[in-house]
2 protein chains.
Amino acid sequence: MSPTPQERRAARHQAGPDKPAVRRGPSGGRKKPITVDAIVSTAFAIIEAEGYEALTMRRLAVALETGPSSLYAHVVNKEDLDELLIGRLCAEIELPEPDPSRWREQLVGVCTRLRDQYLRYPGISRAALAAAPSNLDTLRVSEGLLAIVLAGGVEPQVAAWAVDSLTLYVNAHTLEVSVANSRLRRADDGWVVSRDDMLRRFAALPETFPHTRRYAAQLTAGTTADRFHFTINLMIDGLPRTGQAT
Amino acid sequence: MSPTPQERRAARHQAGPDKPAVRRGPSGGRKKPITVDAIVSTAFAIIEAEGYEALTMRRLAVALETGPSSLYAHVVNKEDLDELLIGRLCAEIELPEPDPSRWREQLVGVCTRLRDQYLRYPGISRAALAAAPSNLDTLRVSEGLLAIVLAGGVEPQVAAWAVDSLTLYVNAHTLEVSVANSRLRRADDGWVVSRDDMLRRFAALPETFPHTRRYAAQLTAGTTADRFHFTINLMIDGLPRTGQAT
DNA sequence: TACGGGAGTAGAACGGTGTTCGTTTCTGCT
DNA sequence: AGCAGAAACGAACACCGTTCTACTCCCGTA
């Protein structure tokens with residue numbers, strides 16, 4: 001029996017490398033045979049150019065010069081494709097060797113790399129949030145983060161939960177940024193865009209919003225990167241450490 | 001000129017109460033006239049019973065015993081409906097009078113109420129994440145949170161960003177829980193369900209995952225509520241305070 | 001009192017989505 | 001050479017959000 005996409009998907013959550021899948025079928029006539037790798041690559045190209053919203057099975061099929069049904073020989077469904085995407089995305093994250101004296105910056109570094117990868121492919125966080133946490137590639141990143149936090153002298157239980165919280169926040173942050181960017185891109189309505197608009201809007205609020213009016217400057221201050229690092233450091237600084245590291 | 005849905009939507013981001021919209025048209029023959037309020041109410045009923053994924057314009061129209069097009073006289077589009085939903089959801093959140101001596105528990109309390117509201121309507125966080133932050137009802141909750149944090153003696157700039165981080169985390173957390181629940185509900189594949197399954201799976205990991213294997217117990221420990229309070233407290237405890245409050 | 005305009009309702013349809021069915025086409029092996 | 005079987009594909013299904021257009025009924029005005 002041949003490896004159906006279903007079996008391949010199940011295997012992706014287990015151990016063991018997947019065999020290179022010998023080529024068969026009428027692919028010799030094609031310029032480029034349809035493989036899972038080719039599907040994922042062109043999917044990434046579409047997302048990078050037009051955003052995750054533009055990634056449909058039909059659009060993907062057109063890019064591969066075939067019909068939509070041809071994809072389902074390699075991919076179970078779109079949810080499976082999403083999983084493949086975030087899998088490859090996580091696979092490209094390089095993890096440092098944990099250094100107890102530099103665990104904070106190492107942690108921030110990995111989170112930042114993760115964020116950059118997510119932002120490079122706008123909207124893909126949506127797929128990441130829906131993905132199962134048992135994927136081997138995502139698990140690899142979690143393992144790396146866990147190693148760093150543990151090296152920092154954080155109690156295992158706290159470290160385990162903290163890693164989850166951090167990754168969840170990175171996902172949510174990138175999703176919010178992507179959504180905001182896409183809303184900004186299609187400036188359909190007279191929507192809020194610039195910081196001045198935001199400030200003026202806050203200032204025009206009724207007196208039921210005293211603090212929002214008073215601190216409008218602070219509420220609208222900072223770039224998304226500033227807010228990202230603020231929150232990441234907020235969570236890291238809150239970690240109680242039993243160990244010796246700085 | 002009459003208030004079209006577009007105007008009503010724009011007004012929702014400004015000040016001033018909306019007029020009760022006198023009834024006209026052939027609605028006298030209907031048992032229940034179609035109003036924005038009725039639409040939102042039945043939408044919530046659908047979400048509560050079948051989840052946000054089941055909320056479609058057609059499904060909503062059927063529940064209201066009408067056609068899909070009839071809804072568009074009261075709602076601009078589905079995005080607008082989403083905004084109305086999270087608006088009402090936030091409107092039902094009661095905010096305490098800030099008490100500097102109890103600001104931590106007040107903060108946790110509001111976040112927990114917010115979480116409970118989100119979880120009551122599974123998947124609605126997806127709409128909340130996409131919603132514009134300038135909605136008056138969501139702004140009201142932010143104002144309340146900001147007041148509490150400021151009362152706790154936190155520097156305005158830190159408080160402003162912290163409120164954003166907290167609300168974003170609540171959204172992300174509830175979305176993750178909802179997704180996990182729905183995946184658990186439709187146990188299609190041999191998917192991970194129980195904690196024992198998770199433990200066994202982690203134990204079966206290759207030696208490339210030493211920490212994940214070693215601390216599988218910690219990684220799978222705790223309920224979602226435990227993890228929620230852990231992260232919320234993590235962020236709150238990280239807040240540097242200049243003031244005098246506890 | 002008669003009437004016309006307009007708001008509310010609704011059916012049908014358009015373009016799009018993910019997915020499946022049945023068939024065709026080609027390959028590697030016997 | 002012939003065949004089993006895998007890959008590719010065109011057409012179709014069910015569903016989505018949304019729009020077009022016609023219709024119905026109320027109300028203010030003449």
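Numbers restart at 1 for each chain; the letters A, B, ... are given by sequence-line order, proteins then strands.
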Do any N or O atoms from the side chain of A:Ser125 and from the backbone of A:Ala128 form a donor-acceptor pair under 3.5 angstrom?
no
Where the side chain of B:Met57 is concerned, which of C:dT19, D:dG17, C:dC21 is the nearest nucleotide?
D:dG17
Let's see if you can work this out: which of C:dT19, C:dT9, D:dA11 has an atom nearest to the side-chain heavy atoms of A:Tyr72?
C:dT19
In whole angstroms, how far is the P atom of C:dG16 from the NZ atom of A:Lys78?
17 Å
Ignoring hydrogens and geometry, is there a side-chain-to-backbone donor-acceptor pair from A:Glu143 to B:Thr212 under 3.5 Å?
yes
Nearest-Å distance, CG (A:Leu55) to P (C:dG16)?
17 Å
Ring of B:Tyr52, cation from B:Arg126 - is the NZ or CZ under 6.0 Å from the centre and inside 45° of the axis?
no
Among B:Tyr118, B:Phe228, B:Phe230, find the residue that satisfies the ring pair (Phe, Tyr, Trp, His ring centres under 6.0 Å) test when tested with B:His173.
B:Phe228
Examine distances only and state if a side-chain atom of B:Arg115 and a backbone atom of B:Val170 form a donor-acceptor pair shorter than 3.5 Å.
no
Euclidean distance, atom CD of residue A:Glu65 to atom P of D:dC9 [Å, nearest integer]:
10 Å
Side-chain donor/acceptor contact of A:Arg58 with base of C:dG16 under 3.5 Å:
no
Atom-to-atom span, CG of A:Leu60 to P of C:dG18 - whole angstrom
10 Å
Interatomic distance where CZ belongs to A:Arg59 and P belongs to C:dG18 [whole Å]:
12 Å
Separation of D:dG10 P from A:Leu71 CG (nearest whole Å):
12 Å
Less than 3.5 Å between a donor and an acceptor, one on the side chain of A:Thr56 and one on the base of C:dG18, is that the case here?
no
Judged by nearest nucleotide, the residue sitting upstream toward the 5' end of DNA chain C, A:Pro68 or B:Ser70, is B:Ser70
Does B:His74 put a side-chain nitrogen or oxygen below 4.0 Å from OP1 or OP2 of C:dA7?
no
Rounded to the Å, how far apart are B:Leu64 CG and C:dG8 P?
16 Å
If you only use heavy atoms from C-beta on, which nucleotide in C:dT9, D:dG17, C:dT19 is closest to the side chain of B:Thr66?
C:dT9
Expressed as a whole number of angstroms, how long is the span from B:Glu53:CD to D:dC16:P?
12 Å
